[in-house]
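Structure first, commentary second.
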Amino acid sequence: MHIADRIDNMPQYLFAEIDRLKWEARARGVDLINLGVGDPDVPTPDFIVEAFVDIVRHKTATHQYPEYDGDPAFRRSAAAWIKQRFGVSVHADRELVGLIGSKEGIAHFALAVANPGDVVLVPNPAYPVYEMAAILANAEPYPMPLLPENDFLPDFNSIPADILRRASLMYLNYPNNPTAATAELPFFARAVEFAKQHNIVICHDNAYSEITFDGFVAPSILEVPGSMDCCIELNSLSKPFNMTGWRVAFAYGNEQLITALRKVKTATDSGQFTAIQFAAMAGLANPTGTIARMRNIYEARRALVIDALGKMGLPCSMPRASLYVWLPIPLGFASSQEFAMRLLAEQGVIVSPGIGFGRFGEGYWRISLTTPDTRLALGLERIAKFLKH
Ligand SMILES: *Cc1c(COP(=O)(O)O)cnc(C)c1O
């Protein structure tokens with residue numbers, strides 16, 4: 001049997017061992033509390049579900065093949081949201097393409113811009129899809145460490161010159177998963193300037209732009225003057241509208257880059273179900289109520305988590321955005337993996353070990369805020385019990 005090298009080159013799945021423990025515990029009947037995944041627990045808002053049901057029933061043309069690059073109405077709706085939210089104008093036909101979730105866009109974008117052997121600059125720790133995308137494009141991922149002393153922003157000056165000569169693409173993601181770090185416009189301006197200097201394209205994943213607290217407003221990289229020369233950005237209905245299962249998102253920015261991405265997509269997928277795009281439009285046209293409600297829910301959970309961690313002697317700062325709390329593992333554990341595995345084995349609580357997001361995530365763990373309040377509180381009680389032993 002012949003399997004492509006790029007498959008062997010994919011890093012091993014670091015949550016595999018935790019998954020095995022999880023299934024074993026579940027088989028023993030343990031009441032597992034999952035604080036690991038970042039997947040909104042609150043259902044999709046009724047008005048979006050109702051719109052979908054109505055469209056599926058009455059607009060039977062949506063049952064046929066969709067427009068490959070997103071329905072024109074969906075693209076106009078997304079462009080209008082971008083304009084209203086970030087003050088950025090993108091052309092709905094030429095500078096925007098619909099996606100089957102931003103994960104799809106991240107993966108396909110590397111195929112669109114990186115040649116085999118190119119370097120792709122990837123934050124580390126990070127959402128694993130950036131690195132995988134580079135590997136699937138036969139490119140070489142180069143980790144940009146996100147370190148606490150740099151507020152979890154990459155230090156562009158530390159990237160060696162020979163790496164920069166071969167680099168064609170950089171992924172960025174703020175508000176950040178898993179560190180919960182945020183970036184302001186001056187950082188994005190530096191990133192754009194750096195990218196132009198070294199002829200690098202930036203793909204900014206803005207999946208958490210709406211999951212912000214304490215009045216923080218997350219910017220778009222496209223607010224930087226001149227960014228349209230070398231950048232695209234991705235946004236997704238998944239997190240703000242609790243629509244992770246629906247798979248609907250969009251990419252926008254430089255026309256040539258969007259055209260290249262559209263070519264890859266046209267060759268590999270046929271676009272998202274049109275009825276889902278139309279239902280997503282209901283959300284994009286009316287985001288305020290849902291987003292305000294979700295922010296309140298996550299803010300309350302964030303307070304619960306920070307308070308409980310403080311009482312356990314694990315002080316950590318309030319994240320301004322994202323669905324996560326990211327903090328150092330407690331003293332006495334050799335690795336984030338050991339900490340997470342023992343917590344699961346002894347208390348049935350699942351958390352994400354930092355190493356699962358890359359080697360610069362070692363020494364940290366991530367708690368997700370997407371578990372109902374009572375379960376979250378119970379999970380925190382069990383963590384406290386675990387640490388007392
Ligand atoms: C959740 C998440 C997304 C959203 O992905 P979709 O494919 O749109 O559901 C994108 N990027 C990051 C970093 C995420 O954590």
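From a predicted model like this one, the values you see are computed outputs, not experimental measurements. Atoms within each ligand, like the ligands themselves, are counted from 1 in listed order.
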When only distance counts, is [X] in polar contact with ligand 1, meaning an N/O pair under 3.5 Å?
X      : result
Glu104 : no
Asn173 : no
Lys103 : yes
Ser238 : yes

Under 4.0 Å from a heavy atom of [X]: give me the atoms of ligand 1 that qualify, with their elements.
X      : result
Ser236 : 6 (P), 8 (O)
Ala207 : 3 (C), 10 (C), 11 (N)
Gly101 : 7 (O), 8 (O)
Tyr130 : 13 (C)

Short version for Tyr171: what comes under 4.0 Å of ligand 1, heavy atoms counted, is neither

| field | Side-chain heavy atoms of Leu96 within contact of Arg76, under 4.5 Å | value | no

With Glu233 as partner, the option from Ser227, Ser209, Ser220 fulfilling side chain to side chain donor-acceptor pair (under 3.5 Å) is Ser220

[atom]: nearest protein contact (heavy atom, Å):
atom                    : result
atom 12 (C) of ligand 1 : Asp205 OD2, 3.4 Å
atom 7 (O) of ligand 1  : Arg247 NH2, 2.6 Å
atom 2 (C) of ligand 1  : Lys239 NZ, 2.5 Å
atom 5 (O) of ligand 1  : Ser102 OG, 3.2 Å
atom 15 (O) of ligand 1 : Tyr208 OH, 2.6 Å

Will you find, in the side chains of [X] and [Y], an N or O donor that is under 3.5 Å from an N or O acceptor?
X      : Y      : result
Arg359 : Asn124 : no
Thr44  : Asn242 : no
Asn177 : Arg366 : yes
Asp205 : Tyr130 : yes

Counting heavy atoms not belonging to Asp214, are there more than 12 under 6.0 Å from its CG?
yes

(message) Angle between ring planes, Tyr174 versus Phe188, binned at 30° and 60°: parallel, tilted or perpendicular?
(response) perpendicular

- Message: Check whether Phe213 forms a cation-pi arrangement with Arg320 (NZ or CZ under 6.0 Å from the six-membered ring centre, at most 45° off the ring normal).
- Response: no

